[in-house]
There are 2 protein chains.
Amino acid sequence: MKLSEAKAQFISSWGAFGTQWGINRTMAQIHALLLISPDPITQDTIMAELNISRGNVNMNTRELIDWGLVDRVLIPGERKEFFSAEKDIWKVATQIIKERKKRELDPMLKLLGQLEKIDGQAKDRDVKQFTETIAGIRKFGNQADKVLDVMIRAEENWFTGTLLKFFK
Amino acid sequence: MKLSEAKAQFISSWGAFGTQWGINRTMAQIHALLLISPDPITQDTIMAELNISRGNVNMNTRELIDWGLVDRVLIPGERKEFFSAEKDIWKVATQIIKERKKRELDPMLKLLGQLEKIDGQAKDRDVKQFTETIAGIRKFGNQADKVLDVMIRAEENWFTGTLLKFFK
DNA sequence: ATTTATTTTCAATAAGTTTTGAAAATTCAA
DNA sequence: TTGAATTTTCAAAACTTATTGAAAATAAAT
């Protein structure tokens, strides 16, 4: 397979994969392009490679920066801004986990905590099923929270990081 | 907080949460409603509770059944079909993991396998970055695959299941 | 076999999301 | 400063996905 063909295939599939996970197709494609680019690239390169508008590139690179997956890079002597993605996949994964946890899991757990205090007779079937469901999800969510924290800290901590190399 | 208020809040949040994960809002809401319903309920009840059309209920309950999260229940003497959701959150989670793994992770790993064979000089920076990225994602994906298999099998296996109770 | 209840399908429509592109804002150099 | 290069914004348009609802299909009862 030729490189150009493989690149196109990867970018397109990564985009499709992203949409299944609630990530904007273009954002995923830009990320894919940056992952396989050995050097930082400009807005114009992204526009040309993916055939998308300047505004679109601008919005989605910003979003990728917000997620901590991409950096703006200043190249001495160059007027334009360049973009570069974190290439270590383990770091990419922990960064995504960290963000989704903060944006989604933590608020959900907070909400569930509030929903557990219900007026009404605990013997009432409806009340019982409701509180049990909420408690079950909360317990599961809290465990997931802890497991994810371990993963995230593993990346930031030298000792576990070293252990992790055997796993990676 | 009153039960009715808490229910509405839970269903609505579960739906919003779902959309962030690439799951149709209505499907997530129906799932939420079934999770907190002590007894199986009919299409009409779902229509009334969520204010949605019959066709919508029909499509989304089918999808939930496909995902293995909901069952059709026949109640003796009743003409209508009833629906009931698996209530054990751990089982719900492993079922979702199992399905997403099958539908998304496995095909992605297959694709990455194909993309690793690239014509071209391995010293070429472009080729090098591409193959390294693909290899990195593939390695990570394979590890995730293994970890998820352990989780899934834990649910299906008595011994690990017993161990798991300490964790749950 | 016919009627009645119930479920399923799917074209049309509505709702939601993403993308464009041109104007405004910003940045840098002369 | 002023002007050119570059980035950002955001209303309008394009595209995608979800929902409706009525007709067709199926299943059960008489």
Side-chain angles (χ1 to χ4, degrees), chain A residues 11-34 40-67 70-84 103-104, chain B residues 11-34 40-67 69-84 100 103-104:
Chain A
I11 289 169
S12 145
S13 306
W14 203 246
F17 197 65
T19 53
Q20 299 199 289
W21 285 85
I23 288 146
N24 171 315
R25 173 190 256 74
T26 303
M27 181 173 151
Q29 289 186 344
I30 294 177
H31 190 217
L33 175 61
L34 289 170
I41 59 179
T42 63
Q43 249 192 10
D44 294 84
T45 309
I46 299 172
M47 287 169 66
E49 290 281 328
L50 305 180
N51 265 290
I52 57 178
S53 73
R54 186 174 301 283
N56 200 1
V57 172
N58 191 73
M59 289 203 138
N60 283 295
T61 47
R62 167 136 37 111
E63 191 76 2
L64 283 164
I65 292 168
D66 274 359
W67 277 81
V70 166
D71 283 328
R72 252 182 247 280
V73 178
L74 291 173
I75 297 204
E78 290 278 4
R79 180 79 177 267
K80 289 182 181 175
E81 288 179 332
F82 287 71
F83 298 95
S84 154
R103 296 171 190 215
E104 297 156 21
Chain B
I11 289 169
S12 144
S13 307
W14 204 244
F17 197 65
T19 52
Q20 298 200 287
W21 284 86
I23 288 143
N24 171 313
R25 172 188 256 79
T26 303
M27 181 172 151
Q29 288 187 343
I30 293 176
H31 190 217
L33 175 61
L34 289 169
I41 60 180
T42 63
Q43 247 191 12
D44 295 85
T45 310
I46 299 172
M47 287 169 66
E49 291 281 329
L50 304 182
N51 266 291
I52 56 178
S53 73
R54 186 173 301 285
N56 200 2
V57 172
N58 191 75
M59 291 204 136
N60 283 294
T61 47
R62 167 137 36 110
E63 190 75 3
L64 283 164
I65 292 169
D66 274 0
W67 276 80
L69 299 171
V70 166
D71 282 327
R72 254 180 243 280
V73 179
L74 292 171
I75 297 204
E78 290 278 4
R79 180 80 176 265
K80 289 183 181 173
E81 288 178 333
F82 287 71
F83 299 95
S84 155
R100 293 202 89 145
R103 297 171 190 215
E104 297 156 21

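Every chain is numbered from 1, with letters handed out A, B, ... down the list of sequences.
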Inset, instruction - Write down the distance between CD (Q29(B)) and C1' (dT19(D)), rounded to a whole number of angstrom. - result: 13 Å
Inset, instruction - Check every atom of dT8(C), dT20(C), dT8(D) against the side chain of I52(A) and return the nucleotide holding the closest atom. - result: dT20(C)
Inset, instruction - Take nucleotides 23-30 of chain C nucleotide by nucleotide from the 5' end and write B, S or -, depending on whether a protein heavy atom sits under 4.0 Å from the base, only from the sugar-phosphate, or from neither. - result: ----BB--
Inset, instruction - Decide whether a cation-pi geometry holds between R103(A) and W67(A); the criteria are a distance under 6.0 Å from NZ or CZ to the six-membered ring centre and an angle within 45° of the ring axis. - result: yes
Inset, instruction - Measure the shortest side-chain to side-chain distance between N24(A) and E63(A) over non-hydrogen atoms and say whether it is less than 4.5 angstrom. - result: no
Protein-nucleotides 10-12 of chain D N/O pairs closer than 3.5 Å?
none

Inset, instruction - Give the rounded distance in Å between these two atoms: CD of Q20(B) and P of dT17(C). - result: 11 Å
Inset, instruction - May I have the distance from W21(A) (atom CH2) to dT17(C) (atom C1'), rounded to whole angstrom? - result: 21 Å
Legend entry - Closest non-hydrogen atom pair, A28(A) against G15(A): CB-CA, 3.8 Å
Legend entry - Rounded distance (Å) that lies between atom P of dT7(C) and atom NZ of K80(B): 7 Å
Inset, instruction - Can you tell me the distance, in whole Å, between the CZ atom of R62(A) and the P atom of dT18(C)? - result: 15 Å
Legend entry - Heavy-atom side-chain proximity of I30(A) to T61(A) below 4.5 angstrom: yes
Legend entry - Under 3.5 Å side-chain donor-acceptor pair for Q43(A) and N58(A): yes
Inset, instruction - State, yes or no, whether a side-chain contact exists between I41(B) and L34(B) at a heavy-atom distance under 4.5 Å. - result: yes
Inset, instruction - Could you state the atom-to-atom distance from CG of L74(B) to P of dT7(C) in whole Å? - result: 10 Å
Inset, instruction - Hey, can you tell me if W21(A) and F17(A) have their rings parallel, tilted or perpendicular (30° and 60° cut-offs)? - result: tilted
Inset, instruction - Please state how far atom CG in N60(B) lies from atom P in dG21(D), giving the value in whole angstrom units. - result: 16 Å
Inset, instruction - Work out which heavy atom in I11(B) is nearest to a heavy atom in Q29(B); give both atom names and the distance. - result: O-CG, 3.5 Å
Inset, instruction - Looking at every strand, decide which applies to N24(A) at a 4.0 Å heavy-atom threshold: base, sugar-phosphate, or nothing. - result: sugar-phosphate
Inset, instruction - Compare side-chain N and O positions of Q43(A) against OP1 and OP2 of dT7(D) and report whether any pair is under 4.0 Å apart. - result: yes
Legend entry - Distance below 4.0 Å between R25(A) side-chain N/O and dT17(D) OP1 or OP2: no
Inset, instruction - May I ask you to evaluate whether N58(A) reaches the phosphate of dT7(D), defined as a side-chain N or O under 4.0 Å from OP1 or OP2? - result: no
Inset, instruction - Provide, to the nearest angstrom, the distance between the CE atom belonging to M27(B) and the C1' atom belonging to dT19(D). - result: 16 Å
Inset, instruction - For the residue pair F83(B) and R72(B), establish whether any side-chain heavy-atom pair is separated by less than 4.5 Å. - result: yes
